[in-house]
*Asks:* 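First, the structure itself, so that you have it in front of you.
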Protein chains: 2
Amino acid sequence: MPDVIDPYDFTPRYYQLASILRERIAGGEYQPNQPIPSERQLEELYGVSRTTIRQAIELLMRQGYLYREHGRGTFVSPQKLQKGISELTSFSEDMKQRGLEPGQQILAIDMRQPPEKIRQRLELEASAQEVLYLERLRLGDNIPMGLQTSYTVLPPGQTITPAEVETQGSIYRILQEKFHLIPTEADETLEVALATPREASLLGIAPGSPLLLSERTTYSQYRRVIEFVKIVYRGDRYRYFAKLTR
Amino acid sequence: MPDVIDPYDFTPRYYQLASILRERIAGGEYQPNQPIPSERQLEELYGVSRTTIRQAIELLMRQGYLYREHGRGTFVSPQKLQKGISELTSFSEDMKQRGLEPGQQILAIDMRQPPEKIRQRLELEASAQEVLYLERLRLGDNIPMGLQTSYTVLPPGQTITPAEVETQGSIYRILQEKFHLIPTEADETLEVALATPREASLLGIAPGSPLLLSERTTYSQYRRVIEFVKIVYRGDRYRYFAKLTR
DNA sequence: CCTGGTCTGTGGTAATGACCAGTTAGATTA
DNA sequence: TAATCTAACTGGTCATTACCACAGACCAGG
């Protein structure tokens with residue numbers, strides 16, 4: 001990434017500028033809680049308009065790199081760089097962020113009519129189409145971390161084969177590459193549950209052991225439900241992170 | 001809220017416009033998954049520039065009311081209005097959102113030197129100042145929901161009296177009104193824990209019962225740590241909500 | 001010594017005009 | 001008929017100019 005704006009680059013200028021500033025921050029050139037150059041100065045420095053400058057800065061603010069104070073300036077956030085700020089991630093990405101090698105063991109995969117409760121959460125009509133059912137044991141560094149049950153809504157007439165899931169690993173990637181469906185938003189709930197005998201034996205713990213139960217509904221860029229996922233995590237191995245803002 | 005932009009209003013025009021559009025959506029005038037007028041049309045309709053239109057729309061997108069598709073239009077999100085989208089809230093606000101009457105029973109309140117582990121999370125120097133220690137039983141509709149332990153950093157020399165906490169209820173409000181400290185960001189972790197005998201008796205459950213353990217570090221508008229809060233919730237009574245985005 | 005102005009630099013809001021980049025539907029062409 | 005092109009939308013990016021609102025420093029007057 002060069003240090004100047006390239007007008008012949010395809011990517012927007014405000015995006016290029018954001019990358020440059022992000023590097024300056026990462027490189028320690030701009031220190032935490034210290035101001036970066038003012039908008040008017042940046043205008044001079046990089047030969048772009050204030051409109052563009054502000055777009056770049058807003059992007060970096062949303063990403064948590066900068067904060068502003070009216071009348072004072074724009075400052076570098078003192079955030080220790082921490083992965084896993086509550087963004088929408090798949091289990092695979094989640095594990096990688098924690099520095100663990102993601103793995104999985106598929107227990108079931110087929111197309112089926114979802115039960116009534118699930119059908120409602122998928123916002124499907126009663127004349128229900130079949131959805132992809134998938135039950136997987138999720139591993140981190142080859143150790144069972146959780147048991148995941150998912151119902152995925154595919155475009156009518158489409159299917160995903162077991163082979164595809166095996167090789168790709170991430171359902172999200174398949175959805176994106178094959179159907180151009182991009183998960184952009186999700187609602188998640190977390191609560192405590194106790195392991196059933198089946199869950200316990202699969203996870204290698206005693207029945208009745210405490211679990212962290214996550215239920216997630218994922219929406220596409222068109223605000224349609226893509227999937228409903230239920231995961232029970234081993235209570236002793238998993239911790240959930242969230243970054244909240246006001 | 002009028003249906004026209006008032007140039008003599010103190011509030012920014014893009015904010016006024018956002019309110020108007022939000023009402024049109026709430027009133028069903030703009031239907032879910034249907035397009036709202038294009039940016040050029042809104043320019044005509046409300047007599048403001050496209051710059052302002054776009055700011056209003058971006059605001060409503062961040063709030064989840066609208067989504068856009070390049071080349072097609074701007075559409076109303078089909079989201080059922082749901083409270084508790086992962087925003088930074090206090091326990092009191094949280095309870096209200098769930099339709100429960102928040103209550104509390106203060107078990108301890110004093111100024112003290114925090115233990116080493118806590119001091120690090122508060123990002124305080126070793127020459128540690130005293131912080132406000134508070135232990136409260138949190139109630140929802142007069143039923144124990146959780147046990148909260150908090151360490152709050154006050155400006156040097158300042159204190160908060162038990163009376164203030166009793167009457168105000170919310171520490172956040174006191175911080176804001178008395179010290180102009182606004183909580184703007186927080187990091188939270190959730191995991192499973194088992195009730196100690198003391199926790200169990202306070203919460204009215206059996207020792208060893210599963211709990212949802214939340215640890216939260218809250219930051220001010222100046223990106224300084226305001227407080228560190230640990231809450232154990234009754235596993236059978238509490239569920240955590242989060243809204244994730246990509 | 002404090003109080004209240006004023007000046008200057010900061011970000012915040014807004015209008016205008018221009019062009020780029022997807023999407024769609026109707027007209028045109030093979 | 002079917003494929004293609006084109007024109008007219010949509011939102012996305014960018015430059016320029018102007019003025020407002022807040023913070024801080026400095027200075028004059030009490």
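Everything numeric here is computed off the predicted structure, so don't read it as measured data. Just so it is clear, the values below take in all heavy atoms, side chains as well, and ignore hydrogens, waters and symmetry mates. First the proteins, then the strands, lettered A, B, ... as listed; each starts at 1.
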*Asks:* Rounded to the nearest angstrom, tell me the gap between atom CE in M61(B) and atom P in dG11(D).
*Replies:* 11 Å

*Asks:* Can you tell me how far C1' of dT13(C) sits from OH of Y46(B), to the nearest Å?
*Replies:* 20 Å

*Asks:* Does OP1 or OP2 of dC14(D) have a side-chain N or O of Y14(A) closer than 4.0 Å?
*Replies:* no

*Asks:* When the distance from CD1 of I53(A) to P of dT10(C) is rounded to whole Å, what number comes out?
*Replies:* 13 Å

*Asks:* Evaluate the side chain to side chain contact (heavy atoms under 4.5 Å, CB included) criterion for residues F228(B) and K117(B): first the C-alpha distance (whole Å), next the side-chain angles of each, then the deciding distance (0.1 Å), finally the verdict.
*Replies:* CA-CA 11 Å; F228(B) 172 75; K117(B) 259 185 77 174; over 6 Å; no

*Asks:* Tell me which nucleotide among dA15(D), dG12(D), dA14(C) gets nearest to the side chain of R68(B).
*Replies:* dG12(D)

*Asks:* Report yes if a donor N or O on one partner sits less than 3.5 Å from an acceptor N or O on the other, where the partners are the side chain of T52(B) and the base of dA14(C); otherwise report no.
*Replies:* no

*Asks:* State whether Q41(B) places a side-chain N or O below 4.0 Å from either non-bridging phosphate oxygen (OP1 or OP2) of dT10(D).
*Replies:* yes

*Asks:* Can you tell me which nucleotide in dG12(C), dT13(D), dA14(C) comes closest to the side chain of R40(A)?
*Replies:* dG12(C)

*Asks:* Rounded to whole Å, how long is the line connecting atom CZ of R54(B) with atom C1' of dA15(C)?
*Replies:* 15 Å

*Asks:* Let me know, please, whether R72(B) or R72(A) comes out on the 5' side of the other along DNA chain D by nearest nucleotide.
*Replies:* R72(B)

*Asks:* Please classify the nucleic acid contact of T51(A) as base, sugar-phosphate, or nothing, using heavy-atom distances under 4.0 Å.
*Replies:* base

*Asks:* How many angstroms lie between atom CD of E58(A) and atom CZ of R68(A), to the nearest 0.5 angstrom?
*Replies:* 6.5 Å

*Asks:* dC14(D) P sits how many Å from E58(A) CD, rounded?
*Replies:* 13 Å

*Asks:* Let me spell it out: for each of Y15(B) and G71(B), pick the nucleotide of DNA chain C with the closest heavy atom. Which residue's pick is nearer the 5' end?
*Replies:* Y15(B)

*Asks:* Relative to the ring of Y240(B), is the ring of Y240(A) parallel (under 30°), tilted (30 to 60°) or perpendicular (over 60°)?
*Replies:* perpendicular

*Asks:* Rounded to the Å, how far apart are E39(B) CD and dA21(C) C1'?
*Replies:* 14 Å

*Asks:* Between dA15(C), dG11(D), dG12(C), which one does the side chain of R50(A) approach most closely?
*Replies:* dG12(C)

*Asks:* Can you measure E69(B) atom CD to dG12(D) atom P for me and round it to whole angstrom units?
*Replies:* 10 Å

*Asks:* To the nearest Å, how far apart are R13(B) CZ and dC20(D) C1'?
*Replies:* 12 Å

*Asks:* Between the side chain of E123(A) and the main-chain N/O of R224(A), is any donor-acceptor distance below 3.5 Å?
*Replies:* no

*Asks:* Taking G28(B)'s backbone N and O only, do any of them form a donor-acceptor pair with Q31(B)'s side chain (distance below 3.5 Å, no angle check)?
*Replies:* yes

*Asks:* Between dG12(D), dC22(D), dT16(C), which nucleotide has the shortest distance from any of its atoms to the side chain of H70(B)?
*Replies:* dG12(D)

*Asks:* Looking only at side-chain atoms of S49(B), point me to the closest of dG11(D), dA15(D), dA15(C).
*Replies:* dA15(C)

*Asks:* Mind checking E43(B) for me? I need base, sugar-phosphate or nothing, with any heavy atom below 4.0 Å counting as a touch.
*Replies:* nothing

